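The block underneath contains the structure these notes are about, expressed in structure tokens.
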Amino acid sequence: MQTFHHPVAGDRVTIRVPETTDDLGAFWEWLSKARARGPIAVDTETTGLRIYSTGYGLRTVQFGDAHDAWVLLYERGGEHAHYAREALRRCRDIHIHNAMFDWLVLDRHAGIPLENLAPVTTDTRILATLIDPRAPFGGGVGTGLKPLSAKWIDPAAPDTQGGLTAVFRSLGLTKETGWAGIPLTHPTFLLYAGLDVIFTARLAPILRAELERLSVRPALVPYEHTIARICAVMQRAGLLVDREYAEPLAGRLTEDAERYGAVAARYGVSSVNSSAQVADALTGMGERLTERTDSGAWKTDKAVLLPLADLDRDWQRIGARDPNPLADAVLRAKRAGKWGTAYAQAFLENADADSRIHPVIAPLAARTGRMSVTDGLHQLPSSDHIIRRAILAEPGHVMISTDFQAVEMRVLAALAKVRRMIDGFVNGGSEFDIHMFTAQLIKGAGATTKERKLFKGAGFGKVYGGGITTIARQTGAPESEIAQAVAEYDRVFPEIKRASSRWQRQAFQNGMVFISATGRRLPLDRDRTYSVVNYACQSAARDLLGQALINASESGLLDYCRLPIHDEILASAPREDATEIAREFERCMTTDLYGVPITADAEIGGRSWGSLYGADH
DNA sequence: TCTGTCACG
DNA sequence: ACGTACGTGACAGAT
């Protein structure tokens, strides 16, 4: 048996790696006693992050408490794997840092259903996020095991992930190949694998005490664990990619990008993604650029190029000038290039052997509590259906998208107690349109759709905390019009400004931390405290979605759920039951927030996600 | 690794 | 004193 010792916060901890049957017996004896004393910390090491890729493997499973860790060599199979599985089956109280990953690994590669593991898990990352949700670059300590251990346990806590990267390099491996390529019994690998569970075990009680000290609403802890389980089930299910559609699509987009790229090359732009080249060439053609980036370079983004190409925001000809052929080619080449590589090509590369994409869902990613999804499925173009067309419901199923109706405006009305807004939402019925309502409030019953658009822009400006200039730039309306609209907006909804001041004051008195409607801690940046209005709304809306997911799960809809998208649940359901299931999703997403109705609208599509978008929409 | 850009809610 | 658009992920090019 390999044994390691390491100092942790003045203690000498022990890491053991069983080799023989006797060693495994010793592990079993330790586990029985440790389980009787308290929770067991668990962690895994694997060949990488892409759990569903072919050839993926589980290398070690670690168990530990505050002083002892055991690293089981799962990769060896046989009795090593057997002991690891049996240990996991017996543990009724476990601590994991970032549990979703380990649940899914163990579910897929050790035959331990996440439905069994999730209910007995406390995720120390969830606890840490409820204390401070900010990433390191956002001013927080971060929610990684290393920074948390350094802050709460031992400033000398090793950077096990970063430290291993150095070991990988010394072995001629990279960050990507190292996890699979490092020898299973490499001492640093095993030491760090063991230390991770020891730090997790020590972190849990400290974080729990801190949550209590800060009076964080206790219900948030089980609430977030339930949402994590639900998101893990969706990640496991994944979404089906239509390879027969995506492959030629990727090819076509690449051809388009090359064709337009060749046009740009005629004007001296060899790579359309080089802003400097585009700026030089445009200036050389006599165009005058006016906007600059943060670092002082000429801006050549879409907002700059579209007018030069005589195109509006929807890429329709304006007829105001002769289109600049370079601006037009750059726009089209960049779009085709991005859609081809970031979407169509990415679908094909990210899909597993069963043509499924398993989006990595982070249920508590943003500082407001919002979820994030990697693999791009949160950012697919919505103006055109061609990209989403590549994502399919299950065979015999159709896509159902159920989204909250103007949820952030409803949340704003409820939280800021905006009297006339509340009246509108309460009395407005199912077809109520808050932005038209606002336009009519200000302009009278004859308000036009153009005026609706103006006040929609002003409304979003309010929720985001934007100023006149920015709202004007975003909406394309002249500043004078926006200034007047915002002033009128403030006149009919005066409660918003008052709530903003009140919330900023409360946050200031609470160490620059705003407490959300659900009891979430939302740290503010000192130099932009106005963002509290957005944080309050975005965060409460996220928790409405979280509760909707829990409702859906409790109503037996979880197996149909595929992806949460901020104010929407995307589902795949049998065609013959779609109407009934859609009504059920609407019911799960319908609620009341301080007297303001929160409503949802389900749309039943066809086999592909694209059927809900673009031309057919 | 940073900057700019572009996609979403 | 005043005013500030919010939150993400991914890719390409420059450094």
Side-chain angles (χ1 to χ4, degrees), chain A residues 133-135 137-138 257 261 269-279 291-306 330-331 333-343 345-346 349-350 359-362 364-384 387-388 401 403-404 406-409 411-412 457-475 482 486 497 500 504 522 524-539 541-542 545 563-570 613:
Chain A
R134 293 172 300 176
F137 51 81
V269 174
S270 61
S271 76
V272 292
N273 287 309
S274 167
S275 299
Q277 278 186 33
V278 173
E291 290 194 74
R292 290 188 182 269
T293 66
D294 289 341
S295 65
W298 290 116
K299 220 170 170 36
T300 60
D301 65 5
K302 210 166 79 170
V304 171
L305 295 183
L306 278 171
V330 168
L331 281 164
K334 279 168 84 172
R335 180 161 79 166
K338 171 158 181 151
W339 288 25
T341 55
Y343 306 127
Q345 200 62 50
E349 282 163 15
N350 290 335
V360 179
I361 306 173
L364 263 183
R367 57 187 296 173
T368 55
R370 254 199 182 183
M371 303 183 186
S372 82
V373 167
T374 53
D375 283 356
L377 291 180
H378 260 185
Q379 290 99 355
L380 304 186
S382 58
S383 59
D384 187 311
I387 296 296
R388 292 183 199 237
S401 160
D403 54 358
F404 287 128
V407 66
E408 289 200 3
M409 296 307 290
V411 167
L412 174 66
F460 276 114
K462 280 283 141 195
V463 179
Y464 294 145
I468 310 282
T469 318
T470 319
I471 299 174
R473 183 149 28 87
Q474 291 295 323
T475 57
I482 294 293
V486 168
K497 267 193 166 175
S500 180
Q504 290 181 63
L522 303 176
L524 302 185
D525 296 338
R526 273 176 199 285
D527 53 347
R528 43 195 279 285
T529 53
Y530 64 90
S531 60
V532 74
V533 175
N534 182 255
Y535 286 15
C537 295
Q538 197 180 99
S539 184
R542 182 279 185 190
L545 185 78
L563 198 68
I565 318 173
H566 306 308
D567 64 347
E568 171 189 358
I569 300 174
L570 181 69
Y613 286 84

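In this text, all values refer to a predicted model and were calculated from it rather than measured experimentally. Naming: A, B, ... by sequence-line order, numbering from 1 per chain.
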Exercise. Let me know, please, whether A:G457 or A:T341 comes out on the 5' side of the other along DNA chain C by nearest nucleotide.
Key: A:G457
Quiz item: Looking only at heavy atoms, what is the nearest atom pair of A:I471 and A:A458, with distance?
Solution: CG2-N, 4.3 Å
Quiz item: Looking at residues 367-379 of chain A, who's got a heavy atom less than 4.0 Å off DNA chain B?
Solution: A:R370, A:H378, A:Q379
Quiz item: Checking all strands, does A:I471 fall into the base, sugar-phosphate, or nothing category for heavy-atom contacts under 4.0 angstrom?
Solution: nothing
Practice problem: Would you give the length of the straight line joining atom CG of A:D403 to atom CD1 of A:I565, rounded to the nearest 0.5 angstrom? | Solution: 9.0 Å
Quiz prompt | Check: A:S270 main-chain N/O paired with A:Q277 side-chain donor or acceptor under 3.5 Å | solution = yes
Practice problem: Would you grab the first and last nucleotide of DNA chain C (5' to 3') that comes under 4.0 Å of any non-hydrogen atom in chain A? | Solution: C:dT4 to C:dA14
Quiz item: A:T300 near the nucleic acid: base, sugar-phosphate alone, or nothing, with a heavy-atom cut-off under 4.0 Å?
Solution: sugar-phosphate
Self-check item: Integer-rounded Å distance: B:dA7 P and A:R388 CZ
Solution: 12 Å
Quiz item: Looking only at side-chain N and O atoms, does A:K334 come under 4.0 Å of OP1 or OP2 in B:dC6?
Solution: yes
Quiz prompt | Parallel, tilted or perpendicular: ring planes of A:F460 versus A:Y464, cut at 30 and 60 degrees | solution = parallel
Quiz item: So what stems show up for DNA chain C if we need 3 or more Watson-Crick or G-U pairs in a row, all under 3.5 Å?
Solution: B:1-9 with C:6-14
Practice problem: Please tell me if the side chains of A:L380 and A:Y613 come closer than 4.5 Å, counting only heavy atoms from C-beta onward. | Solution: no
Practice problem: Identify whether any heavy atom of A:F460 sits under 4.0 Å from a base atom; if not, whether one sits that close to sugar-phosphate; answer base, sugar-phosphate or nothing. | Solution: base
Practice problem: Using a 4.0 Å heavy-atom cut-off across all strands, classify A:K338 as base, sugar-phosphate, or nothing. | Solution: base
Quiz item: Can you find a heavy atom in the side chain of A:V463 that is under 4.5 Å from one in the side chain of A:M409?
Solution: yes
Practice problem: Could you tell me whether A:R367 and A:D525 make a salt bridge, using a distance below 4.0 angstrom between a side-chain N and a carboxylate O? | Solution: yes
Quiz item: Can you check the A:N273 CG to B:dA7 P distance for me, whole Å?
Solution: 11 Å
Practice problem: Quickly work out the A:M409 CE to B:dG9 C1' distance and round it to whole Å. | Solution: 15 Å
Quiz item: Can you check whether A:K302 reaches A:K334 side chain to side chain, under 4.5 Å on heavy atoms?
Solution: no
Quiz item: Is A:Q474 touching bases, backbone alone, or none of the nucleic acid, heavy atoms closer than 4.0 Å?
Solution: base
Quiz item: When rounded to the nearest 0.5 angstrom, what distance separates CE in A:M371 from NE2 in A:H566?
Solution: 9.5 Å
Practice problem: Whole angstrom is fine here: how far is it from CG in A:D384 over to C1' in B:dC6? | Solution: 15 Å
Practice problem: Looking at every strand, decide which applies to A:G461 at a 4.0 Å heavy-atom threshold: base, sugar-phosphate, or nothing. | Solution: base
Practice problem: Indicate, with a heavy-atom threshold strictly under 4.0 Å, whether A:T470 touches base, sugar-phosphate, or nothing. | Solution: base
Exercise. Write down the distance between CD1 (A:I569) and C1' (B:dG9), rounded to a whole number of angstrom.
Key: 15 Å
